[in-house]
Amino acid sequence: MLKILIPTFMLFPTIWLVPGKWLWTATTAHSLVVASASLSWFKWCSETGWVAPNLYLALDPLSFPLAVLACWLVPLMIIASQNHVAHEPLTRQRTYISLLVSLQVFLILAFSAMDILTFYVMFEATLIPTLIIITRWGSQTERLSAGTYFMFYTLLGSLPLLVALLYLLNDTGTLSMHTLQYIQMTNPDTLGTMLWWVACLLAFLVKMPLYGVHLWLPKAHVEAPVAGSMVLAAVLLKLGGYGMMRMMVVLGPLTKEMAYPFIILALWGIIMTGSICLRQTDLKSLIAYSSVSHMGLVASGILIQTPWGFTGAIILMVAHGLASSALFCLANTSYERTHSRTMLLTRGLQMILPLMAAWWFLANLANLALPPLPNLMGELMIIVSVFNWSSWTILLTGLGTLITASYSLHLFLTTQRGPTPQHFISMDPSHTREHLLMALHLIPLLLLVLKPELMWGWCF
Amino acid sequence: VAIVNQLTTEEQEVKKRNNSGSGSTRKLCGTRLISHSPNSGAAGSATVSDLQPSHAKESHGHSEVSAFEKNPDFHGFSQDPIVDEWNMRMAFFFGISVAIVVGGTFIHYLPDHGMRQWARREAERLITQREAAGLPLMEENYYDPSKIVLPEAEEKNTL
């Protein structure tokens, strides 16, 4: 663990001490070395069940895919932000990269935390750099409202979570995940326990987000700069899923009855947000609502608590992280050239930027869960396990899959095909940097097809 | 057809200007990349022209100058050509050669993940062993049925 954490902390001296003109080169190289080192977490010793265990931090097959994803995203965020931050004063550039790195630190600590209170503190800590990134570096005036929605929706869920965790600590004497897997729930029938159950999960359901408490997500994703959107879509949403899977251990037999309304909301949300995607005019807003749709599937997979449901949830979280982040990067390449996110104004780009159209195509195919990509793997496992839970859900999940395919296709056809608008006078060709960014998103996704057991969790 | 013609005329103009010497790049400073011609307003407030106020095209350094003018080998990383080149090299080396290639090889040669292949081999070994000994392959019951204590029919409660 320390061989990743110490180099990550050392990114701060790199950021602040490197001469100005080599800032981006040095931080890109350093963070990529940290990301390569984080691949050592994939070595899973079945004897202990945990990877790199110590008293306070350990990874298991649920958390190490997400932790590696968090480490992989930071160099990608740095590469993605390079263009739009480059014309700012040097100190501000260093501050920006410091915020991204501090997010990496909090995320690694959150995913590897062995104590649920540590996880809670890190979960809350990730809010602050994200809020600063959205409100300081966002492009429109709506970013202040977006930041407010983001903070207060998350706090709405997480303050009850704090109370619930402290109650659990008081009751059992420990919040260590090693020990909590063996406790029994004592009073499953009382109203107090049911409220405690809701309090435990509400924060993560808001974070996922569950349809119904999802309003912060389109605002935050749209108003954030590209790095903010990337980290939000790729990793921060997965904190919610991860938290839910960890909390399920202590929530005992009560989940069988109490999860019903949330499963229904999640499944219904797939259809509703998918339909909203079909009507979106703003490019980033469409990608944001598609994130809500995919996360609805993940939430329903987690709430039914079956091995395949959990496995499908982990796979879909990792695959969606890479695919959604790739789409936000593509949206940013379009935005940097046209300064508009309106899809009607930025269409027909295949004629001008054909290579980028190839990346658009691949990213959209990933989003609509094309086999053999892991997006399909995860979706199919969740759909099958939810069908096993109740046969009627196939109507919702099947329709959701259809709608996902249609809005992904709509996204591709609107931005790439069709007549190029007349108001483009000239446009920069695609930069090497942008091609590299897309390659670094999609090559891992393709490689995961070859060794998917890295993501299967410990249930499969 | 009109658009293609417009682009090729632009391209020809750019080529002519680039060939005409060092003073050429100054003429393209302040060239707008997005049309500012008044639109019908049908697209609403989020039109492109509203995002670039009209004085922007006059101010030096704020208008859209393509970095490819000064550095035809611009990779997208930095305006300084040397930093741009080295940044590209570092990003590709550490991103592709180290992280994906070396990292991918490392992951490929990791031992049996979750002991799944061992479990398969062990199962096959036990099956051949039990078939050779004439034993059943597996007990039908997971738990020993004599050890299960069921409640009496009257004692069932609805929980």
Side-chain angles (χ1 to χ4, degrees), chain A residues 21-22 24-26 28-33 35-36 39-40 42-46 61 72 75-76 79 82-83 86 189 281-282 337-342 344-345 351-352 419-420 422-436 439-440 443-444 447 450-451 453-454 456 458 460, chain B residues 2-4 6-7 10-11 14 31-37 39 43-44 46-49 51-52 61-62 64 66-68 73-80 82-84 86-96 98-100 102-104 106-108 110-116 118 159:
Chain A
K21 72 174 184 173
W22 296 106
W24 294 92
T25 313
T28 308
H30 187 150
S31 52
L32 279 168
V33 168
S36 316
L39 295 175
S40 66
F42 277 127
K43 183 172 181 296
W44 179 30
C45 300
S46 308
W72 184 243
L76 266 48
I79 298 174
Q82 204 160 337
N83 206 15
D189 297 329
T281 54
D282 182 331
R337 285 169 175 77
T338 60
H339 295 288
S340 168
R341 294 191 308 263
T342 311
L344 278 176
L345 296 178
M351 292 305 291
I352 312 176
T420 312
Q422 306 265 350
H423 63 261
F424 294 156
I425 297 180
S426 109
M427 214 181 249
D428 263 7
S430 305
H431 306 148
T432 314
R433 176 185 63 89
E434 292 163 346
H435 286 302
L436 174 68
L440 288 178
I443 290 179
L447 287 175
L450 302 175
K451 198 174 172 106
E453 57 255 28
L454 297 173
W456 279 349
W458 73 109
F460 196 84
Chain B
I3 301 166
V4 170
Q6 188 182 21
L7 285 175
E10 277 271 320
E11 273 179 61
V14 167
T31 302
R32 292 164 296 172
L33 297 177
I34 306 292
S35 163
H36 283 219
S37 53
N39 51 11
T47 51
V48 168
S49 53
L51 294 169
Q52 285 183 336
H62 289 295
E64 311 257 1
S66 170
F68 287 93
D73 291 326
F74 182 58
H75 290 294
F77 293 96
S78 166
Q79 303 287 338
D80 179 346
I82 300 174
V83 174
D84 188 52
W86 275 100
N87 198 334
M88 185 269 298
R89 289 174 178 164
M90 289 292 105
F92 270 87
F93 177 70
F94 287 108
I96 309 269
V98 173
I100 293 183
V102 173
F106 169 77
I107 292 174
H108 180 258
L110 282 175
D112 187 11
H113 193 263
M115 295 175 75
R116 291 183 172 101
W118 174 87
L159 184 66

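Letters go in sequence order (proteins before strands), and every chain restarts at 1.
In this structure, chain B has a heavy atom under 4.5 Å from the side chain of A:Lys451, while its backbone stays farther away. Interface remark: A:Pro429 contributes backbone and side-chain atoms alike to the contact with chain B (heavy atom separation under 4.5 Å). Neither the backbone nor the side chain of A:Ala35 comes within less than 4.5 Å of any heavy atom in chain B. If you measure heavy-atom distances from B:Met115 to chain A, the contacts under 4.5 Å come from both the backbone and the side chain. For A:Ser31, no part lies near chain B; criterion is any non-hydrogen pair under 4.5 Å. Proximity to chain A involves both the backbone and the side chain of B:Phe92, based on heavy atoms less than 4.5 angstrom apart. Residue contact with chain A, scored on non-hydrogen atoms closer than 4.5 Å, involves the side chain of B:Phe106 exclusively.
Using a 4.5 Å heavy-atom cutoff, the side chains of A:Leu440 and A:Trp72 are in contact.
The two residues A:His435 and A:Ser430 make their nearest non-hydrogen contact at NE2-CB, 3.4 Å. Residue A:Leu32 comes nearest to B:Ala91 through the heavy atom pair CD1-O, 3.7 Å, listed as atom of the first residue, atom of the second, then distance.
In this structure, the side chain to side chain contact (heavy atoms under 4.5 Å, CB included) partners of A:Leu447, at least two apart in sequence or on a different chain, are A:Ile443, A:Leu450, B:Ile100. Every residue two or more places apart in sequence or in another chain that forms a side chain to side chain contact (heavy atoms under 4.5 Å, CB included) with A:Met351 is listed here: A:Thr420.
The environment of B:Trp86 atom CH2 is sparse: at most 12 non-hydrogen atoms of other residues, nucleotides or ligands sit within 6.0 angstrom.
The choice from B:Arg89, B:His108, B:His113 that makes the most heavy-atom pairs within less than 4.5 Å of chain A is B:His113.
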